[in-house]
Amino acid sequence: MEYETKAGRAGPGNPTSPRQSVRKNLDFEPLSTTALILEDRPANLPAKPAEEAQKHRQQYEEMVAQAKKRELKDAQKRKKQLEDRCKLEESIGTAAQTWNQEILPNWSTMCTSRRVRDLWWQGIPPSVRGKVWSLAVGNELNITHELYNICLARAKEKWNTTAAPATEAETEDVDSSDRESSLELIKLDISRTFPQLCIFQKGGPYHDVLHSILGAYTCYRPDVGYVQGMSFIAAVLILNLDTADAFIAFANLLNKPCQMAFFRVDHSLMLTYFAAFEVFFEENLPKLFAHFKKNNLTPDIYLIDWIFTLYSKSLPLDLACRVWDVFCRDSEEFLFRTALGLLRLYQDVLTCMDFIHMAQFLTRLPDLIPAEQLFQHIAAIHMTSRNRKWSQVLQALQKDQERGSPVLKR
Amino acid sequence: MEAIWLYQFRLIVIGDSTVGKSCLIRRFTEGRFAQVSDPTVGVDFFSRLVEIEPGKRIKLQIWDTAGQERFRSITRAYYRNSVGGLLLFDITNRRSFQNVHDWLEEARSHVQPHSIVFLLVGHKCDLEAQRQVSRQEAEKLAGAYGMRYVETSARDAINVEHAFTELTRDIFALVRSGDITIQEGWEGVKSGFVPNVVHSSEEVTKSDRRCLC
């Protein structure tokens, strides 16, 4: 880009005079390559033939013209990007206003309206995201801030008592060992939660908050306890809500049937979910479905990670939040629809891969996933199979399973 | 079409959570030590070619499993289709060593009447000062179950190549002797004479480069 400033300073219409090629007469300082092209040879060498000099000048001018064109294009691109960004910010601003002034005050009447649903699909503005999530997830469990504080106090008590011994006292009490390892696991997993953000790690601003929420949950639901993957869900909530509200949303979110099935690792129920997923997979993407079958690529291989962490580990964080937005609106069904949207988006790539490459691709999705495109692909997924909705398909499979149908046995 | 690998072996890596399964595998497949890594939820996948004799390449398909107890009902479904496994414990964590027996029992009960060729790995051997399990003790346990024992460190790149290569050689010998046979509907061992797919050539060059360093 150096030429630009120098050549630019020269002003318009300068490089035409034939005497131009003599250094002293140049009204700009030629740069390395420019110098070689435009200058005459040193006196001790035979002079450049006029024809050649003319050719060199012409080549040089072409080069400059091309570079200028490129510059112009880049500038246009930058301008477009800037415009897009401003437009985006503006639309987020107006959307935030709409959410704050119109929708949130009239939540119960408006939340199911067509307009709100459409707006919801486009992504909730980050400034109101937490509020909308809280409202949509609800608080069926009636957890209060006081209850959170009680659970937290109990967790802290426990940390203090287990922090002391933990040596060769070989008490082979399964229960206590499990609890202890779960405490250690929480500690370790916190440091492994969104490490690139550097806010949940020890010394980071949200380290203690994440620790508190996970600890309080193990006291609130000792039967579920801490399960790997939870730290990511709690972290995403913390980024959008105050601590106690994050805890309330966390506990209620995990209490949903699909999340309970997964976090309690109810294997047969998980298999039912996978089977339901496959019904819609085959219906929406028959070719890819056949390719997966041929390669023995079962849904557990990629869905476990996606469902457990609600995509927060597998998708870029802003995109994951958009998935959460609609997940809060459409509940579990949307998690599986998103999976199908991802498969649809990458259908062409996946069909030329073998088992291991597909498995690797799906468990480590590309860093850059085009959000709008993904949502278009998700929108193209139909969540009805032979006139049955997701919940109906799932229910039918559950009944089959209770009857001991062999479909789910592997 | 020329096969670029003779066989593909599917290996499973198991052991308590935080013993360093993912780090060991990443050292082996990516040649580097990851300071921070995500906790494995469910299962992660890796692959690499190993040259066990000049010109004889084996493709390893490595299944990295979640270590948390809760996930066992998921991961146990993956034993059946594995021919070999690395069973890791952390030499600085006695409990992870005591659980070796449970891991083996769990694996055996899920693959009967077949078996998995296991290698016992004492990991994090760079942390000698914090050692809680002696080499003799681990060797004795490995011997009792007919396993080899190797001590590794992903951080300092100690014995990582050795561990995977030895296990691959052992399995290869069993395949050659006919003790392990390729079976339809079993993913543990696959013959390499299949049409190649994308990325294969890239992998060859990658692992060749690694072998030099």
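FYI, side chains are in, hydrogens and waters are out, and symmetry mates aren't considered; it's all heavy atoms of this structure. Below, chains carry the letters A, B, ... as their sequence lines are ordered, and counting in each starts from 1.
- If you measure heavy-atom distances from A:Ile301 to chain B, the contacts under 4.5 Å come from both the backbone and the side chain.
- Here the CG-CD distance, from A:Leu185 to B:Glu69, works out to 11.5 Å after rounding to the nearest 0.5 Å.
- Two residues are said to be in side-chain contact when any heavy atoms from C-beta on lie closer than 4.5 Å; A:Val265 and B:Ile74 meet this criterion.
- Cation-pi geometry between A:Arg364 and B:Phe46 is satisfied (NZ or CZ under 6.0 Å from the ring centre, within 45° of the ring normal).
- Using cut-offs of 30° and 60° on the angle between ring planes, the pair B:Trp63 and A:Phe355 is parallel.
- The CZ atom of B:Arg70 sits 11.0 Å away from the OH atom of A:Tyr226 when rounded to the nearest 0.5 Å.
- A distance of 14.5 Å separates CZ of B:Arg72 from NE2 of A:His267, quoted to the nearest 0.5 Å.
- Per-residue counts of heavy-atom pairs under 4.5 Å with chain B were compared for A:Leu188, A:Leu362, A:Asp305; the largest is that of A:Asp305.
- With a 4.5 angstrom heavy-atom cutoff, A:Phe232 touches chain B only via side-chain atoms.
- Few gaps surround CG on A:Asp223; more than 12 heavy atoms of other groups in view lie less than 6.0 Å from it.
- To the nearest 0.5 Å, atom OG1 of residue B:Thr40 and atom NZ of residue A:Lys313 are 6.5 Å apart.
- For the pair B:Pro39 and A:Asp189, the tightest heavy-atom approach, listed with the atom from each and the gap, is CB-OD1, 3.7 Å.
- In terms of modelled atom types and a separation under 3.5 Å, the side chain of A:Gln228 and the main chain of B:Val41 share no donor-acceptor contact.
- Rounded to the nearest 0.5 angstrom, A:Asp300 CG and B:Tyr78 OH are separated by 3.5 Å.
- In A:Tyr206, the OH atom is not crowded: 12 or fewer heavy atoms of neighbouring residues, nucleotides or ligands sit closer than 6.0 Å.
- There is no contact between B:Arg80 and chain A, counting heavy-atom distances below 4.5 Å.
- Your options are B:Asp16, B:Thr18, B:Asp38, and the one with the most heavy-atom pairs under 4.5 Å with chain A is B:Asp38.
- Ranked by non-hydrogen atom pairs under 4.5 Å with chain B, the options A:Leu303, A:Thr309, A:Val227 are led by A:Val227.
- Counting heavy-atom neighbours within 6.0 Å of A:Lys187 NZ, excluding the residue itself, gives a total of 12 or less.
- Only the side chain of B:Ser17 comes within less than 4.5 Å of a heavy atom of chain A; its backbone N, CA, C and O stay farther away.
- The nearest pair of heavy atoms linking A:Thr363 to B:Val43 is CG2-O, 3.9 Å.
- Taking CD1 of A:Ile356 as the start and CZ of B:Arg48 as the end, the distance is 14.5 Å to the nearest 0.5 Å.
- For chain A, no part of B:Gln8 is nearby; none of its heavy atoms comes within less than 4.5 Å.
- Residue A:Arg264 touches chain B through its backbone alone, counting heavy-atom pairs closer than 4.5 Å.
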